[in-house]
Asker: 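Mind having a look at this structure? Questions to follow.
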Amino acid sequence: MSDAPSLALSAQDCLVALMVAVSASDEDIGTAELVKIQSAVNMLPIFADYDNDRLSVISKTVFDLFEQEDGLDALFGLIREALPERLFETAYALACDVAAADGTLEETELRLLEEIRYELEIDRLHAAAIERGARARHMS
């Protein structure tokens, strides 16, 4: 890739990348998921100093990676390099919120959430609590 230098991700970029990845995992990025990502970036303290213009750059990076055979592994490699451990549960919570935003969880989304849990070493009990919270917030 010619734009490799832009792959130096910030912690916030990692959070955005995981949200975009979950949204794109079922190959159908829904409006509810996009709104969830945008509102997280606009409202949460972790994104207070985040440049909103990075959203499109990070989204494109995720889409480009997803087109490659080992793209998901590459994405997790980038995230492991740049995301501090203190934000692992935050990342998982945001991913769960995006997955739950449209009211349905596709098999591909569930598999990606499982992979995120594994890659970020989220404790099973903590993961269950985070998932339960996401489900409660997105009940209709």
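Just so we're clear, the structure is a prediction, and the values are computed from it rather than from any experiment. These numbers come from the heavy atoms of this one structure, side chains and all, not from hydrogens, waters or symmetry mates.
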Asker: Please report the closest heavy-atom contact between S59 and V20, naming both atoms and the distance.
Answerer: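 Of all heavy-atom pairs spanning S59 and V20, the closest is OG-CG2, 3.5 Å.
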Asker: Rounded at 0.5 Å granularity, tell me how far OG in S23 sits from NZ in K36.
Answerer: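 Interatomic distance, S23 OG to K36 NZ, rounded to 0.5 Å: 12.5 Å.
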Asker: Would you kindly confirm whether V98 and L105 end up in one hydrophobic cluster when ILVMFWY residues are joined by side chain heavy atoms under 4.5 Å apart?
Answerer: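 No, V98 and L105 fall in different hydrophobic clusters.
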Asker: Starting at CG of L75, measure out to CZ of F66 and round the result to the nearest 0.5 Å.
Answerer: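 These two atoms lie 6.0 Å from each other.
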Asker: Determine the minimum heavy-atom distance between A24 and I29, stating which atoms define it.
Answerer: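 Closest approach of A24 to I29: CA-CG1, 3.8 Å.
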Asker: Taking all non-hydrogen atoms of both residues into account, name the closest pair between A8 and D13 and its distance.
Answerer: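 For A8 versus D13, the nearest heavy atoms are O-OD2, 4.3 Å.
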Asker: When rounded to the nearest 0.5 angstrom, what distance separates OG1 in T31 from CG in D102?
Answerer: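 T31 OG1 to D102 CG: 10.0 Å, rounded to 0.5 Å.
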Asker: Are F63 and L34 joined in one hydrophobic group, where the rule is that I, L, V, M, F, W and Y side chains link up if heavy atoms are under 4.5 Å apart?
Answerer: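 Both belong to a single hydrophobic cluster.
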Asker: Sequence neighbours excluded, which residues qualify as side chain to side chain donor-acceptor pair (under 3.5 Å) partners of R137?
Answerer: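 R137 satisfies side chain to side chain donor-acceptor pair (under 3.5 Å) with D97 once adjacent residues are dropped.
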Asker: Evaluate the criterion side-chain contact (heavy atoms from CB on, under 4.5 Å) for residue pair Q38 and L55; output intermediate values, then yes/no.
Answerer: CA-CA 9 Å; Q38 190 66 56; L55 270 172; 3.4 Å; yes
Asker: Do L44 and M19 land in one hydrophobic cluster if side-chain heavy atoms of ILVMFWY residues count as linked below 4.5 Å?
Answerer: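 Shared cluster, yes.
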Asker: Please assess L9 against V16 for the test side-chain contact (heavy atoms from CB on, under 4.5 Å), listing each intermediate value before the final yes or no.
Answerer: CA-CA 10 Å; L9 300 180; V16 169; over 6 Å; no
Asker: Got a list of side-chain donor-acceptor pairs under 3.5 Å for residues 121-135, not counting sequence neighbours?
Answerer:
unit_1	atom_1	unit_2	atom_2	d
D123	OD2	L125	N	3.0
D123	OD2	H126	N	3.2
H126	ND1	E89	OE2	2.6
E131	OE2	Y92	OH	2.4
E131	OE2	R117	NH1	2.9

Asker: In the single-linkage hydrophobic clustering (I, L, V, M, F, W, Y; side-chain heavy atoms under 4.5 Å), do F76 and Y118 co-cluster?
Answerer: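 Each belongs to a different hydrophobic cluster.
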Asker: Atom SG of C96 and atom NE2 of H138: how far apart are they, to the nearest 0.5 Å?
Answerer: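 Answer for the SG-NE2 pair, C96 versus H138, is 10.0 Å.
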Asker: Which pair of heavy atoms, one from C14 and one from I79, lies closest together, and at what distance?
Answerer: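 Nearest pair, atom of C14 first, then I79: SG-CA, 3.9 Å.
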Asker: On a heavy-atom basis, which atom in L15 and which in L87 lie closest, and how many Å separate them?
Answerer: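 In this case the closest contact between L15 and L87 is CD2-O, 4.3 Å.
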Asker: Any side-chain heavy atom of R54 within less than 4.5 Å of one from Q12?
Answerer: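 Of all side-chain heavy-atom pairs linking Q12 with R54, none is under 4.5 Å.
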Asker: Enter the distance from E115:CD to T108:OG1 here, rounded to the nearest 0.5 Å.
Answerer: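 OG1 of T108 is found 13.0 Å from CD of E115.
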Asker: For residues I58 and Y50, report the shortest heavy-atom separation together with the two atoms involved.
Answerer: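 Heavy-atom minimum between the residues: CG1-OH, 3.7 Å.
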Asker: Under the criterion side-chain contact (heavy atoms from CB on, under 4.5 Å), I'd like the reasoning laid out for L94 against L18: C-alpha separation, chi angles, the key distance, then a yes or no.
Answerer: CA-CA 8 Å; L94 290 171; L18 282 174; over 6 Å; no
Asker: Measure the shortest side-chain to side-chain distance between T61 and L65 over non-hydrogen atoms and say whether it is less than 4.5 angstrom.
Answerer: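 Touching, per the 4.5 Å side-chain cut-off.
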Asker: Does D53 have any side-chain contact (heavy atoms from CB on, under 4.5 Å) partners at least two apart in sequence or in another chain, and if so, which?
Answerer: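 side-chain contact (heavy atoms from CB on, under 4.5 Å) list for D53, sorted by chain: D51.
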Asker: Could you check whether N42 and S39, counting side-chain N and O atoms only, form a donor-acceptor pair closer than 3.5 Å?
Answerer: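 Checked: S39/N42 side chains show no N/O donor-acceptor pair below 3.5 Å.
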